[in-house]
Amino acid sequence: VQLQASGGGWVQAGGSLRLSCAASGSTVAINGMAWYRQGRGKPRELVADISGGRTHSADSVKDRFTLSRDSAGDTIYLQMNNLKPEDTGTYYCKIETDTVYWGQGTQVTVSS
């Protein structure tokens, strides 16, 4: 399974970005998909995930970020609104089959 993440960039505080993560290869048995992020000098943290049709978001992004999954089930999106400087970091997508796969990361920079 390969993951291709895209959509990162630079934005001013209050702006929006949409991240995409497309899975290819043996995607039939995807159990869950998620976005994580890692700020400089910080541990990687869960932003949002979807499993069994249910989504979960970290408290820090609730009401600002929305995770969705396409009908084919092999692409997830993270719509990020009202971005804040503390949202800056590298965003990674992850999928779980019987193995965990990570995407290459996409940088999000929010300036104040």
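For the numbers below, each heavy atom of this structure counts, side chains included, while hydrogens, waters and symmetry mates do not. Nothing fancy with the numbering, it's 1 onward along the sequence.
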Please report the interatomic distance [atom1]([X]) to [atom2]([Y]), rounded to the nearest 0.5 Å.
X	Y	atom1	atom2	answer
Ile76	Ile50	CD1	CD1	8.0 Å
Asn82	Phe65	CG	CZ	9.0 Å
Thr88	Gln38	OG1	CD	13.5 Å
Ser60	Asp87	OG	CG	7.0 Å
Glu96	Asp98	CD	CG	10.5 Å

[X] side chain near [Y] side chain, heavy-atom distance below 4.5 Å:
X	Y	result
Leu78	Thr66	no
Ile30	Arg69	yes
Trp35	Leu67	yes
Lys84	Arg64	yes
Glu86	Val110	no

With a 3.5 Å distance limit and no angle check, can you tell me whether [X] reaches the backbone of [Y] through a side-chain donor-acceptor pair?
X	Y	answer
Thr106	Gly8	yes
Asp70	Thr75	yes
Ser51	Asn31	yes

Path from [X] to [Y] over hydrophobic side-chain contacts below 4.5 Å:
X	Y	value
Tyr77	Leu83	no
Val61	Val108	yes
Trp102	Leu46	yes

Strictly by modelled atom types, are Lys94 and Tyr101 linked by a side-chain donor-acceptor pair under 3.5 Å?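 Absent: no donor and acceptor within the cut-off.
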Between Tyr91 and Arg37, is there a side-chain donor-acceptor contact under 3.5 Å, judged purely by atom types and distance?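 The answer is yes; a qualifying pair exists.
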May I have the step-by-step check of side chain to side chain contact (heavy atoms under 4.5 Å, CB included) for Tyr92 and Leu3, ending in yes or no? CA-CA 10 Å; Tyr92 299 91; Leu3 298 178; over 6 Å; no
Pair up each side-chain donor or acceptor in residues 14-21 with any protein partner under 3.5 Å, not counting sequence neighbours, and list the distances.
from: Ser16; atom 1: OG; to: Asn81; atom 2: OD1; distance (Å): 3.0

For Pro85 and Ser111, work out which heavy atoms get closest and say how close.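 Nearest pair, atom of Pro85 first, then Ser111: CG-C, 4.4 Å.
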Can you give me the closest heavy-atom contact between Gln107 and Thr90, atom names plus distance?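 Scanning both residues, the minimum pair turns out to be OE1-OG1, 2.9 Å.
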Would Gln4 and Gln104 satisfy side chain to side chain contact (heavy atoms under 4.5 Å, CB included), going step by step from the backbone distance to the final call? CA-CA 7 Å; Gln4 182 65 48; Gln104 82 280 15; 3.3 Å; yes
Could you go through Ile95 and Val1, starting from their C-alpha distance and side-chain angles, then the distance that decides it, and tell me whether this counts as side chain to side chain contact (heavy atoms under 4.5 Å, CB included)? CA-CA 9 Å; Ile95 70 165; Val1 176; 3.3 Å; yes
